[in-house]
Amino acid sequence: MKTHFSLLLVLVFQTPLRGEPLPAITLDERTVGALGITASPVTPQRVADPVTATAHVGLDPARTRSVATFFSGQIARDLVQAGQTVEAGQPLAVLKSREVAEALTRWVEADSKLASARQIYERERELRPQQLTTEDDFLTARAAYQEAKAQQTAALQKALFARSQTDLEALRDGDSLPDLTEITLTSPITGTIIQKSAYAGDAVELNSELFEVADLTSLLIEIQVPLKAASFLQTGDSVEFHTVVGEHRKQSATVERLESTLNPQALTVQAFARFDQAEGSWIVGTPVQVHLFDSDLKAAPAVPRTALVTIAGTPHLFLSQGNKQFQPIAVSLGRTSQTLAEITSELPADAQVVGTGANLLLAAWEDATNQ
């Protein structure tokens, strides 16, 4: 059954771009909506079929930190949960450990011995030029000072795993401090807790990894690049990726690193591209597909292939001229891909090309012109 639309045909004789001018067609607003007609400007694009590569969203190792304990003990309190966003310096858990108290006590003792040894050594050094002390006493004092300094330095290094320099100075000066057996584990960066193995009451060993914190505002796409694309993909190239399951989403990323080792089974090389996400919409591990183009391929004026229609054996485009009026014009084509066609003929300035609904518009135009 032939479908009729409410049409108003207007013949417009203008200077043709190629061949004879064709009449424009004016449609009412209801018909434009029914045909789903939309128009957009012609933009420069790379007209080529991309090389499709598999990939997945991954963490950036440079923006991921593990939180470990340098003392064995027991978790007194766990303060955050997996998936929670934390700030740099925010407490994650409290560890109770006798080793902490021992480390702090050892530092206080070593610091006190160093102060005493320094005082004796400085006195001997002042007296020696006046020959008010013996060479042996001077050398003994210097050796004792050097030994005390080494012991204090070693004790300080371990004590700093448990307390800040400010807390240690307060402890040395005799100011009151919280329980010396407790140590607060804090987040080294602002990010999200992606792994947690510290729960209240758990016993932990030396160097146990208790938390992993990742900055999810910047992620990597780990791309398996086919050999035919490895020859032209370069660092700094912009690549576009999209989801392969679930809700369709797409985004662009910038290639940061290309591996030189070939996967002999898949005949691919690995590449890493970075992208930023402010709202955390991408989940680590999400499988995606990446479209890879030769960066040497220059962009050219192009339209979707769906915008092309054939009139009398010649490719045409419908230009939107405003007020629901559409003018078919003949065009010359250059390169084509599965989705795009390069336009090599000149188009009017600010041309708006019908990209969606062009075939239905052609049917309406032919129906009107044949009446």
Side-chain angles (χ1 to χ4, degrees), residues 61-80 86-191 198 200 202-213:
R63 295 173 178 257
T64 304
R65 296 289 185 274
S66 294
V67 179
T69 171
F70 296 99
F71 304 92
S72 60
Q74 186 177 40
I75 300 297
R77 298 188 297 279
D78 62 285
L79 307 175
V80 295
V86 295
E87 300 293 330
Q90 179 175 334
L92 305 179
V94 176
L95 175 70
K96 200 170 185 64
S97 170
R98 286 180 297 180
E99 293 180 4
V100 172
E102 291 172 359
L104 295 175
T105 301
R106 191 175 297 113
W107 177 81
V108 171
E109 293 174 350
D111 192 68
S112 177
K113 288 181 179 179
L114 174 61
S116 177
R118 181 187 293 112
Q119 185 178 15
I120 294 173
Y121 169 60
E122 289 176 351
R123 183 186 64 192
E124 291 291 322
R125 187 173 58 181
E126 291 175 358
L127 295 176
R128 183 58 188 151
Q130 305 173 41
Q131 296 185 346
L132 298 176
T133 186
T134 66
E135 180 72 12
D136 288 344
D137 288 343
F138 169 73
L139 294 177
T140 299
R142 186 174 66 177
Y145 168 69
Q146 290 174 341
E147 181 180 0
K149 186 176 182 179
Q151 292 175 350
Q152 192 266 3
T153 300
L156 176 62
Q157 295 305 312
K158 191 166 186 178
L160 286 174
F161 288 130
R163 295 290 189 274
S164 68
Q165 184 71 50
T166 301
D167 287 341
L168 292 178
E169 291 172 359
L171 179 62
R172 179 188 58 198
D173 296 339
D175 294 345
S176 61
L177 284 175
D179 187 349
L180 294 184
T181 63
E182 289 189 349
I183 177 174
T184 301
L185 305 176
T186 60
S187 177
I189 61 172
T190 297
D202 288 351
V204 296
E205 299 296 329
L206 174 68
N207 293 329
S208 297
E209 291 189 4
L210 305 179
F211 299 92
E212 188 171 8
V213 186

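One is the number of the first residue; the rest follow in order along the sequence. Small disclaimer: the values here were computed from a predicted structure and weren't measured.
How far OG1 of Thr181 is from CZ of Phe71: 12.0 Å, rounded to the nearest 0.5 Å. Between the CZ atom in Phe70 and the CG atom in Leu95 there is a gap of 12.0 Å [rounded to 0.5 Å]. Between atom OG of residue Ser72 and atom CZ of residue Arg98 there is a gap of 8.5 Å, rounded to the nearest 0.5 Å. Between atom CD of residue Glu182 and atom CZ of residue Arg163 there is a gap of 8.0 Å, rounded to the nearest 0.5 Å. Of the inter-residue distances, the one linking Leu185 atom CG with Phe211 atom CZ reads 7.0 Å to the nearest 0.5 angstrom. Separating the CG atom in Leu127 from the CZ atom in Phe138 is a distance of 10.5 Å, to the nearest 0.5 Å.
A side-chain donor from one of Thr134 and Asp137 sits under 3.5 Å from a side-chain acceptor of the other.
Side-chain contact check for Val67 versus Glu212: every heavy-atom pair is 4.5 Å or farther apart. Looking only at side-chain heavy atoms (C-beta outward), Gln90 and Val80 come within less than 4.5 Å of each other. A heavy-atom distance below 4.5 Å is found between the side chains of Leu104 and Leu168. With contacts defined as side-chain heavy-atom distances shorter than 4.5 Å, the pair Val94/Ile183 does not qualify. Between Arg172 and Trp107 there is a side-chain heavy-atom pair separated by less than 4.5 Å. Residues Ile75 and Leu210 are in side-chain contact: their nearest non-hydrogen atoms beyond the backbone lie under 4.5 Å apart. Residues Gln165 and Leu160 meet the side-chain proximity criterion, which asks for heavy atoms closer than 4.5 Å. Using a 4.5 Å heavy-atom threshold, the side chains of Ile189 and Glu87 count as separate.
Within a 6.0 Å sphere centred on NZ of Lys149, heavy atoms belonging to other residues, nucleotides or ligands number 12 at most. Annotation for Glu205: atom CD does not count as buried by contact number, only 12 or fewer foreign heavy atoms lying within 6.0 Å. Around CD of Gln119, the count of heavy atoms belonging to other residues, nucleotides or ligands within 6.0 Å does not exceed 12. The number of heavy-atom neighbours closer than 6.0 Å to CD of Glu209, taken from other residues, nucleotides and ligands shown, is 12 or below.
Across every non-hydrogen atom of Arg65 and Pro188, the tightest pair is CB-CG, 3.5 Å. When every heavy atom of Ala198 is checked against every heavy atom of Asp202, the shortest pair comes out as C-OD2, 4.4 Å. Heavy atoms only, all atoms of each residue included: Val86 and Ser187 are closest at CG2-OG, 3.6 Å. Contact record, Ala88 with Thr190: N-OG1, 3.1 Å, taken as the closest heavy-atom pair. Between Thr186 and Pro91, the shortest heavy-atom distance links the atoms CG2-CA, 4.1 Å. Here the closest non-hydrogen pair linking Ala117 and Ala144 is CB-O, 4.0 Å.
Using modelled atom types, one side-chain atom of Thr105 and one backbone atom of Ala101 make a donor-acceptor pair closer than 3.5 Å. Judged purely by atom type and a 3.5 angstrom limit, Asp78 has no side-chain atom pairing as donor or acceptor with the backbone of Ala93. At distances below 3.5 Å, not a single donor-acceptor pair connects side-chain atoms of Ser208 with backbone N or O atoms of Val204.
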Evaluate the criterion side-chain contact (heavy atoms from CB on, under 4.5 Å) for residue pair Thr69 and Leu206; output intermediate values, then yes/no.
CA-CA 6 Å; Thr69 171; Leu206 174 68; over 6 Å; no
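Under the 4.0 Å criterion applied to side-chain N and carboxylate O atoms, Glu124 and Arg142 are not assigned as salt-bridge partners.
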